[in-house]
Amino acid sequence: MAKRILVVEDNDLNRKLFCDVLRSQGYAVEPCADGLLALDAARQFVPNLIIMDIQLPNISGLDLIETAKKDAVLRQIPVLAVTAYAGKGDEERIRDAGAEGYLAKPVSIGPFMAAVKGLVEKVGIDKTV
Ligand code: MN
């Protein structure tokens, strides 16, 4: 069965790009444009990975990651954060919030897929232990 990936990204072009690339690689993808709906979407879709834009209207992706990592179920889902801020200290803040992976925009497909595969496969290994 295909691994599931929830894509939380408010920018229409980026969301479509991420979803198209992931689908072309055989993943089942659930897009989420509204950060306020992201955690509910994660509970319903039960993804193997969440791709999380940090700059969202109404709520910060950082806050969503912190909330997810305090939730007994959601905390088990790895998070790949994607952010337009490439400032010093950003990666540390994002990893402190609990994200397992981090990419700065603009995102290239190669590093994006490498990060996705690394995190999805890590989950598979953990589950066989
Ligand atoms: Mn955004």
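As the structure lists them, so they are numbered: ligands from 1, and atoms in each ligand from 1. Owing to the predicted nature of the structure, the values given are computational and were not obtained by experimental measurement. All residue numbers refer to positions in the sequence shown, counting from 1.
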Here the ring pair (Phe, Tyr, Trp, His ring centres under 6.0 Å) pairs for residues 6-29, sequence neighbours left out, are F18-F112

Within less than 2.8 Å of the Mn ion (ligand 1), how many protein N/O/S atoms are there? 3

Honestly curious: do L74 and L36 fall in one hydrophobic cluster under the side-chain, below-4.5 Å linking rule? yes

Salt bridge (Lys or Arg N to Asp or Glu O under 4.0 Å) partners for K117, two or more places apart: none

Taking a hydrophobic cluster as the set of Ile, Leu, Val, Met, Phe, Trp and Tyr residues connected by side-chain heavy atoms closer than 4.5 Å, whether directly or through intermediates, do V46 and V8 fall within one such cluster? no

Quick one: which residue pairs count as a salt bridge (Lys or Arg N to Asp or Glu O under 4.0 Å) with a foot in residues 41-69, not counting sequence neighbours? D40-R43, R43-D71, D53-K105, K69-E100

Is it the case that one hydrophobic cluster holds both L49 and L37, taking links as side-chain heavy atoms less than 4.5 Å apart, direct or via other members? no

